[in-house]
Engineer: 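The following block contains the structure, expressed as structure tokens.
Nothing fancy with the numbering, it's 1 onward along the sequence. Computed from heavy atoms alone, side chains included, the values below leave out hydrogens, waters and symmetry copies. In each ligand, atom 1 is the first atom listed, and ligand 1 is the first ligand listed.
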Amino acid sequence: MPTRPYVIDEMISAKAIAARIEDLCREIQTEFAGTDKLVVVGLLRGSFVFIADLVRELDLPIEVDFLEASSYGDGMESTREVRILKDLRGAIEGRDVLVVEDIVDTGHTLNHVTHLLESRLPARLKSIALLDKPSRREVDFKANWTGFEIPDEFVVGYGIDFAQRNRNLPYIGKVRFAEK
Ligand code: IMP
């Protein structure tokens, strides 16, 4: 639970997110056209709303799996050391894989996860992040598709939390601490 009072200012509306997902899905469908072995892998917990909307917009035969990597704990700073807390249920060797992430911030999480999954020899491995904060990058990583580039702000909503709260907001908002 957050310990300081804060307000949330809307940054990206639910409507804008839905429209962007439609565009992204057209590109993803072109990339994976004809495949019948695509596994869409959601990174828990932040991607759960995004992956739900994404897969319902994708007109492809897919399977869905989840992986959980450690990141922020309950704070606002990345721990940098990435650990796998929950691994995939299925094998991905020879499969096409699309990794779905909420935000690429320092880049450590997706960089680590994509290297790990590459070592399992998928036929093709691509990644998508709803949000990207390029100014925060510490490792050279870029997702194949990005929904929106945003400035260095702490955001919540649409699956993304602040100390586990606000995941259920339908839009992306930025956290602003109330004046004392
Ligand atoms: P990275 O490893 O620094 O790229 O961090 C990726 C993870 O940090 C994301 O999957 C989020 O869980 C978390 N994160 C990064 N920025 C924010 C934010 O603004 N709000 C909430 N979580 C964030």
Side-chain angles (χ1 to χ4, degrees), residues 1-14 16-17 20-21 24 28 39-55 64-88 92 97-119 125-178:
M1 209 161 87
T3 50
R4 288 168 64 195
Y6 62 97
V7 292
I8 298 167
D9 300 321
E10 183 171 306
M11 186 189 244
I12 308 170
S13 69
I17 297 170
R20 184 71 185 120
I21 288 177
L24 289 166
I28 293 167
V39 190
V40 182
V41 171
L43 298 198
L44 293 171
R45 284 171 263 178
S47 75
F48 81 103
V49 177
F50 183 36
I51 192 174
D53 283 348
L54 196 76
V55 295
V64 174
D65 206 340
F66 292 96
L67 185 145
E68 184 171 13
S70 63
S71 59
Y72 276 38
D74 275 354
M76 291 177 93
E77 277 303 315
S78 169
T79 53
R80 286 175 187 88
E81 184 203 332
V82 182
R83 286 177 303 126
I84 302 301
L85 303 178
K86 181 212 167 293
D87 207 338
L88 299 176
I92 56 164
V97 177
L98 175 65
V99 182
V100 180
E101 172 67 311
D102 54 355
I103 310 181
V104 185
D105 185 41
T106 62
H108 289 288
T109 306
L110 255 192
N111 192 45
H112 180 92
V113 167
T114 52
H115 277 109
L116 172 73
L117 298 184
E118 283 288 6
S119 74
L125 179 69
K126 301 281 179 187
S127 57
I128 178 167
L130 178 68
L131 304 176
D132 188 2
K133 295 189 209 170
S135 64
R136 295 259 308 160
R137 202 69 93 250
E138 293 178 6
V139 288
D140 185 19
F141 183 88
K142 188 144 181 55
N144 296 95
W145 294 278
T146 297
F148 302 90
E149 279 196 6
I150 60 168
D152 180 11
E153 302 279 2
F154 196 81
V155 295
V156 291
Y158 199 72
I160 300 166
D161 73 302
F162 175 30
Q164 302 309 327
R165 293 294 169 92
N166 309 123
R167 291 190 196 273
N168 54 328
L169 285 177
Y171 56 86
I172 299 287
K174 69 178 179 191
V175 167
R176 182 162 51 85
F177 288 102

Engineer: Checking the side chain of Thr146 only, and the main-chain atoms of Asp132 only, is there a donor and an acceptor separated by less than 3.5 Å?
Structural biologist: no
Engineer: Counting distance only, does the side-chain N/O of Lys133 pair as donor-acceptor with the main-chain N or O of Glu153 below 3.5 Å?
Structural biologist: yes
Engineer: At a non-hydrogen distance cut-off of under 4.0 Å, which region of Glu101 contacts ligand 1 (side chain, backbone, both, or neither)?
Structural biologist: side chain
Engineer: What are the atoms of ligand 1, with element, lying closer than 4.0 Å to any heavy atom of Val155?
Structural biologist: 18 (C), 19 (O), 20 (N), 21 (C)
Engineer: Would you mind checking if Asp9 and Lys174 are paired as a salt bridge, meaning a charged N to carboxylate O distance below 4.0 Å?
Structural biologist: no
Engineer: Under 4.0 Å from a heavy atom of Thr109: give me the atoms of ligand 1 that qualify, with their elements.
Structural biologist: 1 (P), 2 (O), 5 (O), 6 (C)
Engineer: Could you check if a side-chain atom of Lys126 sits within less than 4.5 angstrom of a side-chain atom of Trp145, using non-hydrogen atoms only?
Structural biologist: yes
Engineer: List the steps, then state whether side chain to side chain contact (heavy atoms under 4.5 Å, CB included) holds for Ile128 with Phe50.
Structural biologist: CA-CA 10 Å; Ile128 178 167; Phe50 183 36; 4.0 Å; yes
Engineer: Which residue is it: Asp53, Leu169, Asp102? I am looking for the one with a side chain to side chain contact (heavy atoms under 4.5 Å, CB included) to Tyr158.
Structural biologist: Asp53
Engineer: Between Ile172, Val175, Asn168, Asp161, which is the residue that forms a side chain to side chain contact (heavy atoms under 4.5 Å, CB included) with Val156?
Structural biologist: Val175
Engineer: When rounded to the nearest 0.5 angstrom, what distance separates CD1 in Ile150 from CD1 in Ile103?
Structural biologist: 5.5 Å
Engineer: Using heavy-atom distances, let me know which of Asp102, Ile150, Asn111 sits nearest atom 12 (O) of ligand 1.
Structural biologist: Asp102
Engineer: Please determine whether any non-hydrogen atom of Asp161 lies less than 4.0 Å from an atom of ligand 1.
Structural biologist: yes
Engineer: Can you name the atoms of ligand 1, numbered from 1 with element, that are less than 4.0 Å from a heavy atom of Ile160?
Structural biologist: 20 (N), 21 (C), 22 (N)
Engineer: Check whether any heavy atom of Glu138 sits under 4.0 Å from an atom of ligand 1.
Structural biologist: no
Engineer: Which atoms of ligand 1 are found less than 4.0 Å from any heavy atom of Glu153?
Structural biologist: 19 (O)
Engineer: Lys133 heavy atoms, cut-off 4.0 Å: which ligand 1 atoms fall inside?
Structural biologist: 16 (N), 17 (C), 18 (C), 19 (O)
Engineer: With the threshold set at under 4.0 angstrom, would you say His112 reaches ligand 1 through any of its heavy atoms?
Structural biologist: no
Engineer: Closer than 4.0 angstrom: is that true for some heavy atom of Gly107 and an atom of ligand 1?
Structural biologist: yes
